[in-house]
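Numbered from 1 within each chain, the chains take letters A, B, ... in sequence-line order. All heavy atoms count here, side chains included; hydrogens, waters and symmetry mates do not. Every value quoted in this text rests on a predicted model; they were computed, and no experiment measured them.
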Amino acid sequence: MNKKSSFDRWIFHSYSGTPEGLGILRIIFSSFLLFFLIPGNGIAHFEFISSIPADFFNPPPGPLRLLGGYPELIVFRFLRLIIILSAVAMMLGFFTKKASIAAGISILLLQGAVYSVGKVNHEILIGMVPLLMAFSNWGAAYSVDEFGGQVSNRKIETWPITLLSIFLAFMMFTAGFPKILGGWLDLSTQATQGHLMNQYFENGRQALLAPFAVKTDSTFFWEILDWATVIFEIGFLFVLWKPQLFKVFISLAVLFHFSTMVILNIAFLPNFAVYAVFMNWTAIYISLDRFFSRGGNAQKYIYAVATGISILFFGGLKWLSSQNIVLRNSDLTLHEVILVSFALVVVIAIGSWHLLKRLRQAS
Amino acid sequence: MNKKTIRKLFIGVMIFLPLQYAMVGIVGFYDAEPWPAFVFPGFKSVPVIEGSFETEQKVFVLVPEDDQSDSLKKSPAELFPEIPVSQLSGFMRQNFSDETDFTLLSPEGKNWLLKSAELAADTDLMEVSLITVYEYRRFENGEMILDSSSVEQVQTIVMEEM
């Protein structure tokens, strides 16, 4: 096989999919975005930012420096409205491609405005998911576009998923590489423990297992975590060409974020929207199709059911989280804990299923 | 998009990503981390724990206008509750570092800060200062205990004109 054809195979055939599978992903991603991933902390947060005088305007180097101060509140409101409208349109599959592009661009613009307080949060991939998936034809099924006869071609493209994998792998590398330069692999220092102390005492991140972790004075334990973190983050780039291994690393990422959440109280929820893209949505579609087909030809209801369930699930979780029943003195939220834990359960279930399948085949 | 265009897009992205990373490194060294950029946080630094561990915290000292009352100490999170914890350290680093010259603050900036402090203190204030508190902790019998603390770098930020 020549280099060009193997390159093509990697671009176009690394990941498989069906219109229905991508349709379910689109619905779930959109409602996740709608309830949890809109940049900023809502209108009160935007009112605060827009009230800060220009003395405290610290945009990161880049296009935001063209602004002389924080944008007016109306700009925040407008961008937020565009994101909400485009996320709803994406979820319903209404002008899906245009809505996805609009969502991606407006997310990036709003992120930029929020980061002008002087700190960049590394959530750019939230915007990249709809921007790239717009070209996958993920509105071909379970969409208003489909029912309205706007979908002339049901052929889906999976190269946007491969492209997303490049962004993710490279960004993971940029997390791991500085750690090597900074001395994380030095056996005489324990970086993870040091960062835990900073998070615990300086940022007050003292929920879940943090109080136990801060008492753990084991050089061996912390050094293992240092090495595992670096190997895992750098490793993404090396498995980029092997989609199955890349998915294993995605699973490791879920485990990594779970442990980071329980120890350091950092959930990094936006990344889970990216990891979700790499799930086998076709298998989920087939399971749903089988379930609904039992009672007759109920497949057409999957659209409504998937939309309804995702709104109820994410919306209910958002409401529950806003009640501040638990984690009152932490910036970690209940929905973060539930969603990250849920992702871990899903990963363990998928891993166990694959393991059992292998064992059965071997016997 | 046809296959040829997509192929070119992939090659372009694979060339662009390392180049922008180099740019992030250069700009970050001389200024700050640029945005937009395709990078995740590196957490490059290694906080050292050798017997004891040092933490550094900025604390606002608020002096009430009514000079009968004691001064109040408020954390940045109390003064700026709307800023998420994930961004608060960056906000403080950019605006309230040891090198910040608060005499350069505009009247609008001073007034905004005073109002934020008064909201946090729930009283009128005559002065807002910033102190840096260093705390030293060490392990003892499986616990991280406070060994000592010191206050350095007292900076007066804003004073109500009498």
Side-chain angles (χ1 to χ4, degrees), chain A residues 7-8 11-12 41 44-45 48-49 51-56 58-62 64 108 111-112 114-115 117-122 124 135 159 162-163 166-167 170-172 174-175 177-179 181-184 186 189-191 193-195 197-198 201-205 214-215 217 266 331, chain B residues 1 3 6-7 9-10 13-14 17-18 21 24 27-28 31-49 53 55-57 75 77 80-95 104-106 108-113 135 137 139 142-144:
Chain A
F7 187 52
D8 272 9
I11 293 174
F12 298 104
N41 282 352
H45 184 206
F48 171 76
I49 296 177
S51 75
I52 305 176
D55 300 71
F56 303 99
N58 293 294
L64 291 157
L108 295 180
Q111 280 179 345
V114 171
Y115 298 161
V117 296
K119 167 72 167 58
V120 172
N121 283 356
H122 302 82
I124 197 168
F135 298 93
W159 63 261
T162 316
L163 195 53
I166 299 178
F167 281 103
F170 188 82
M171 289 175 74
M172 281 292 185
T174 67
F177 185 61
K179 290 185 176 75
L181 299 180
W184 275 57
D186 182 345
T189 58
Q190 286 69 50
Q193 187 186 21
H195 284 285
M197 298 297 177
N198 275 342
F201 293 111
E202 290 187 4
N203 292 336
R205 288 177 160 149
V214 90
K215 291 178 191 170
D217 190 20
I266 299 171
D331 70 317
Chain B
M1 269 199 266
K3 279 197 170 183
I6 295 166
R7 219 177 279 130
L9 175 67
F10 269 73
V13 166
M14 287 193 281
L17 285 175
Y21 187 42
V24 169
V27 176
D31 191 338
E33 185 184 320
W35 191 88
F38 294 97
V39 291
F40 277 144
F43 294 106
K44 182 181 176 182
S45 64
V46 179
V48 178
I49 303 170
F53 182 76
T55 56
E56 177 191 329
Q57 279 183 306
S75 69
F80 311 112
E82 294 85 356
I83 300 180
V85 173
S86 63
Q87 290 196 297
L88 196 55
S89 56
F91 181 74
M92 290 301 294
R93 200 169 42 244
Q94 290 282 350
N95 298 299
L104 298 177
L105 271 183
S106 70
E108 191 197 2
K110 284 182 180 174
N111 190 46
W112 176 80
L113 193 65
E135 291 184 334
R137 290 180 166 81
F139 276 108
E143 294 284 339
M144 199 64 170

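Looking only at heavy-atom pairs under 4.5 Å with chain A, the residue among B:Gln87, B:Glu143, B:Gln94 that has the most is B:Gln87. Most heavy-atom pairs under 4.5 Å with chain A, from the set B:Pro41, B:Ser106, B:Ala37: that is B:Pro41. Chosen from A:Gly112, A:Ala44, A:Gly183, A:Gly62, the residue pairing most often with chain B at heavy-atom distances under 4.5 Å is A:Gly112. Between chain B and the residues A:Leu181, A:Leu64, A:Leu108, the largest count of heavy-atom pairs under 4.5 Å involves A:Leu108. Between chain A and the options B:Gly90, B:Pro84, B:Gly42, heavy-atom pairs under 4.5 Å are most frequent for B:Gly42. In terms of heavy-atom pairs under 4.5 Å with chain B, the best-connected choice from A:Val120, A:Asp8, A:Ile11 is A:Ile11.
The contact between B:Leu104 and chain A is made entirely by backbone atoms, counting heavy-atom distances below 4.5 Å. For B:Pro18, the parts lying near chain A are the backbone and the side chain together; criterion is any non-hydrogen pair under 4.5 Å. With a threshold of 4.5 angstrom between heavy atoms, B:Glu135 does not approach chain A through any atom at all. With a 4.5 Å cut-off on non-hydrogen atoms, B:Met92 does not touch chain A at all. B:Val85 touches chain A through backbone and side chain together, each having a heavy atom under 4.5 Å away. Residue contact with chain A, scored on non-hydrogen atoms closer than 4.5 Å, is absent for B:Lys110. Contact of A:Asn41 with chain B is made through the side chain alone, with heavy-atom distances under 4.5 Å. Heavy atoms of A:Tyr115 lying under 4.5 Å from chain B belong to its backbone as well as its side chain.
Counting all heavy atoms, side chain and backbone alike, A:Ile124 lies closest to B:Pro36 at CD1-CB, 3.7 Å. Contact detail for A:Lys179 and B:Phe43: the closest heavy-atom pair is CG-O, 4.2 Å. Taking every heavy atom of both residues into account, B:Asn95 and A:Asp55 meet most closely at OD1-O, 4.0 Å. Residues B:Ser86 and A:Asp331 share a closest heavy-atom pair of N-OD2, 4.5 Å. The two residues B:Ser45 and A:Trp184 come nearest to each other via the heavy atoms O-NE1, 3.7 Å. Nearest heavy atom pair, residue A:His122 against residue B:Phe40, reads O-CE2, 3.7 Å.
A donor-acceptor contact shorter than 3.5 Å links the side chain of B:Gln57 to the backbone of A:Glu202.
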Please determine whether side-chain contact (heavy atoms from CB on, under 4.5 Å) holds for the pair A:Phe167 and B:Val13, giving the CA-CA distance in whole Å, both sets of side-chain angles, and the decisive distance to 0.1 Å. CA-CA 8 Å; A:Phe167 281 103; B:Val13 166; 3.9 Å; yes
Report the C-alpha distance between A:Phe56 and B:Leu105 in whole Å, list the side-chain angles of each, state the deciding distance to 0.1 Å, and finish with yes or no for side-chain contact (heavy atoms from CB on, under 4.5 Å). CA-CA 9 Å; A:Phe56 303 99; B:Leu105 271 183; 3.8 Å; yes
Step by step, would you call A:Lys215 with B:Met144 a side-chain contact (heavy atoms from CB on, under 4.5 Å)? CA-CA 6 Å; A:Lys215 291 178 191 170; B:Met144 199 64 170; 6.0 Å; no
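Under the 4.5 Å side-chain criterion, counting only non-hydrogen atoms from C-beta, B:Lys3 is not in contact with A:Trp159. Taking the side chain as every heavy atom from C-beta outward, B:Ile6 and A:Phe12 approach each other to under 4.5 Å.
One finds the CZ atom of A:Phe201 at 8.0 Å from the CZ atom of B:Phe53 (value rounded to the nearest 0.5 Å).
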